Amino acid sequence: MRKPGRRAFVLAGLAAGGALLVGWGVQPPRQRLRSAQALPLPEGEVALNGWVALAPDGTVSVVVPRSEMGQGVHTALPMLVAEELDVGLDAVRVIAPPIDRIYANLTLLRESLPFHPDDAGRTARSAQWLMAKVGRELGIMFTGGSSSVRDAWLPMREAGAVARAMLVKAAAHTWLAREEDCRTEDGFVIHRDGRRAGYGALAPLAARLGAGIDDGDVRLKEPQAFRLIGKSLPRLDSRAKSDGSARFGIDARPPGMVYAALAMAPTVGATVAAFDADAVRRMPGVLAVVHVSAAPAGRSGAGAAVAVVASTWWQARQAAQALPVRWQPGEHAGLSSAAILAGLARALDEEDGYVYHETGTREVEGAARTVRAEYRAPFLAHAALEPVNCTAQVAGGKVKLWASTQVPSIAVDCAARVAGVAREDVAIDVMLLGGGFGRRLEVDMVAQAVAVAKALDGQPVQLIWTREQDTMHDVYRPAALARFTAQLGADGELLAWDSKSASGAIGHQYYPRSLGLPGVGPDKTTAEGAYDHQYAIPNQRVAHVDVDSLLPIGYWRSVGHSHNAFFKESFLDEVAHAAGQDTVALRRKLLARQPRALAVLDAAVAAAGQAPEGRAHGVALHRSFGSTVAQVAEVSVQDGEIRVHRVVCAIDCGLAVNPDIVAQQVESSVIFGLSAALAGEITVEGGRVVQSNFGDYPLLRFGQAPQVETMVMPSSAHPEGVGEPAVPPVAPAVAAAVFRLTGQRLRSLPLKLG
């Protein structure tokens, strides 16, 4: 029987929402300029639209609807508004948004569809358009997928330009002058005769006169006119993070707050059979013991748990450790890493999988040699330095949240469900995130905190997981297995490329548990980076087999690219060696029709130069989240240990809004990627995660960190992703260097010499 094609799967997936999609296709797009909810402004400030407000002294308040977790969005996004508004960044302050549809992340949903980059047909365009419409209706405020600047590039610039036009209109009205005779500069409207008025003074009149101005009535600046965008301006959050005044989720301190610690299920799927609350009630500070199995629907990291509430967190933690709990093992209590890996291998043996991309033929005439290899990648934890936490208060039919979250709108929906109140009765303060990496796309901690707060008498409670609980109850990067076959001609030419991988599909777990939507159809993240690479190979076939993951899985920094880049780039290195070709030369040949990618590769290789004696260079190139990154890793092997001394990285991310922030994110990505490449591994035995803390799930230490050199390629193209694209090439670049030093192919992560 003929299997349905990609288009049928995509359209079936879109239709899974049923009546939700009816009529959306004929409705006009929702505007993204004016919010339905009032902005949280102090007295005297005037909102000009849903993104911009002005104080009498000219201070500009800019709404930033994306969470700041170190990636610099609280600087880069205000720069977009400040550029079009003609104010300096020093005149800007960041304010949090209300929960509103205009702040939805449309780019993320639009790019979740599994189309090949070369597919510009009507089906792809229609599906992407429809997904943007879905995003507008759902109104999901989502920080992830390296999409913050990409999504905000137009709406935030338009908001600044509209506000500027409103101020010019107000000044012209005041002076009885023509708007064409007015210009703006550094927070002032200036008439050609020299008269000038500050934005703060004009704001009230601008708000009254400019109601009819929208983004269709203004013209955005051309790149050559930018005065801020493209400059390495100081970050707006640097001072607060340096002097300790910055407030993260774990720093929330509402009056009367108490603390909650947890006793959590020891094995996958275990439930609470019974617990003896009386055994700990008389311990110091203990206030309550609450059963909190209120995790979101579906497979989540939290699982079953019992919370102990006390006056201090240490008191709560001591009592939680002493609490007698009898656990009922789940059906997967015997789960093991060996069984999971065997299941992936069996799936590759027995199933064809879903074909994400296919060109040419699988049977190539004239092939002189065939190369085969198998690669493995383990489960990975997020290991953000700020432990999982959430503070909640339930009182008088209202809920208040203080949370480090990447998904405030989903957190609000979750809190409303658990507390049994309307969405409008939930308020949230989105705090700074001490690392996210995808872990704070989840709301299991929100569900738990609200469940505990609901059991108290209006008292706010801060729930904190231990580091061990964070590591052992994560939603992990999926384990994956991939098999490759390449066919070479007599002259070493790469004629055919066939790959098939197996792993769990994150979307099939995340969508039901976090969005209440079905997880159906092909999940792009399983094969991203494998089917949409830039190399021109005449005959290709890329397939993936979805294998239900019994261990909870979630989005991890760079998601499927994180392991698919290792598989793809490592195998290409093997192919080059088998063909007797230089690996860089082969890549150049395959990128002949990709000039931007070729320029990135050449820039990194030229900057790296020659490896010093006793060291070797490994090269990798990968495109993800719209950006292309090439890396050269300088590696040595000392006493059987892999040591990375230097990583040279070139990135084409389109127009770099703030090049310093781009370089910071590249450095962060290299360190993050190296931690996983050299030591990251989550294993399961007897249904229990083996690793528990940084002792057995280590992060890269200062003494192990390489020198990272970053080159940001000049460009005036639309900005692309930055927070994740430098993670995927790290592991294959290091593995390639190790092969040059030792002759040993490392096909499994983490990289370990035998």
Side-chain angles (χ1 to χ4, degrees), residues 371 373 375-377 484 486 492 494 535 562-563 565-591 598 600-622 629-651 666-667 669-680 700-701 703-711 726-754:
V371 183
Y375 292 86
R376 301 175 182 178
F484 287 82
L494 177 54
Y535 300 123
S562 64
H563 50 272
F566 171 67
F567 300 160
K568 178 257 298 180
E569 288 295 292
S570 294
F571 186 62
L572 186 62
D573 209 68
E574 290 202 49
V575 168
H577 181 73
Q581 299 187 48
D582 175 78
T583 60
V584 174
L586 176 59
R587 285 179 171 87
R588 284 184 175 134
K589 184 186 303 182
L590 298 177
L591 294 172
L598 186 58
V600 172
L601 176 65
D602 287 344
V605 171
Q610 297 296 315
E613 186 177 353
R615 301 179 184 179
H617 282 171
V619 178
L621 178 139
H622 192 74
V629 174
Q631 289 178 354
V632 181
E634 186 172 297
V635 177
S636 69
V637 174
Q638 303 171 6
D639 300 323
E641 295 294 322
I642 300 168
R643 177 67 190 271
V644 182
H645 302 273
R646 178 183 178 223
V647 176
V648 177
C649 182
I651 178 171
V666 168
E667 292 171 12
S669 296
V670 169
I671 300 302
F672 189 88
L674 272 180
S675 293
L678 298 178
L700 210 66
R701 309 290 181 176
Q704 300 169 304
Q707 175 186 352
V708 181
E709 301 169 24
T710 303
M711 290 163 290
V727 173
V730 176
V734 173
V738 170
F739 174 74
R740 281 153 184 73
L741 288 168
T742 67
Q744 185 175 347
R745 284 288 178 196
L746 302 181
R747 299 188 180 96
S748 295
L749 292 172
L751 302 173
K752 297 177 181 178
L753 290 168

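Start at 1 with the first residue, then count along the sequence. Keep in mind that this is a model prediction, so the values were computed, not measured.
Taking CG from L586 and NE2 from H577, the interatomic distance works out to 13.5 Å, rounded to the nearest 0.5 Å. Interatomic distance, CZ of R587 versus CG of D582, reported as 9.0 Å (0.5 Å rounding). Going from atom CG of L572 over to atom CZ of F484 covers 10.0 Å, rounded to the nearest 0.5 Å. Here the CD1 atom belonging to I651 is positioned 8.0 Å from the OG1 atom belonging to T710, to the nearest 0.5 angstrom. The distance from the NE2 atom of H563 to the CZ atom of R376 is 15.0 Å, given to the nearest 0.5 Å. Atom-to-atom distance recorded for R745:CZ and D573:CG is 4.5 Å, nearest 0.5 angstrom.
Across E574, H617, R740, a single residue satisfies side-chain hydrogen bond (donor to acceptor under 3.5 Å, both in side chains) together with T583, and that is R740. Of the residues listed (I671, V730, V670, V666), the one engaging V647 in a side-chain contact (heavy atoms from CB on, under 4.5 Å) is V670, and it is the only one. Just one residue in the list E634, Q631, M711 forms a side-chain contact (heavy atoms from CB on, under 4.5 Å) with V648, and that residue is M711. The only option from H645, E641, R615 that meets the side-chain hydrogen bond (donor to acceptor under 3.5 Å, both in side chains) definition with S636 turns out to be H645.
Remark: R588 CZ is packed, more than 12 non-hydrogen atoms of other residues, nucleotides or ligands lying under 6.0 Å away. The number of heavy-atom neighbours closer than 6.0 Å to CD of Q610, taken from other residues, nucleotides and ligands shown, is 12 or below.
The two residues V371 and A578 have their closest heavy-atom pair at CG2-CB, 3.7 Å. Contact detail for A679 and P750: the closest heavy-atom pair is N-CB, 3.7 Å. Listed here is the closest heavy atom pair of A620 and P729: CB-O, 3.5 Å. The two residues V600 and A650 make their nearest non-hydrogen contact at CG1-O, 3.3 Å.
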Stepwise side-chain contact (heavy atoms from CB on, under 4.5 Å) check, L751 with V738: CA-CA 9 Å; L751 302 173; V738 170; 5.6 Å; no
Worked check of side-chain contact (heavy atoms from CB on, under 4.5 Å) between R747 and S570: CA-CA 8 Å; R747 299 188 180 96; S570 294; over 6 Å; no
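Residues that satisfy the salt bridge (charged side-chain N to carboxylate O under 4.0 Å, His left out) test with E667, not counting sequence neighbours, are absent from this structure.
Judged by distance alone, the side chain of E569 and the main-chain N or O of L621 form a donor-acceptor pair under 3.5 Å. Proximity of a side-chain donor or acceptor of R646 to a complementary backbone N or O of A608 within less than 3.5 Å is detected.
Using cut-offs of 30° and 60° for the angle between ring planes, the Y375 and F566 rings count as perpendicular.
Looking at I642 and L741, their side chains never come closer than 4.5 Å, going by heavy atoms from C-beta outward. With contacts defined as side-chain heavy-atom distances shorter than 4.5 Å, the pair H622/V629 does not qualify. Side-chain contact between V727 and S669: present, with at least one pair of heavy atoms (C-beta onward) separated by less than 4.5 Å.
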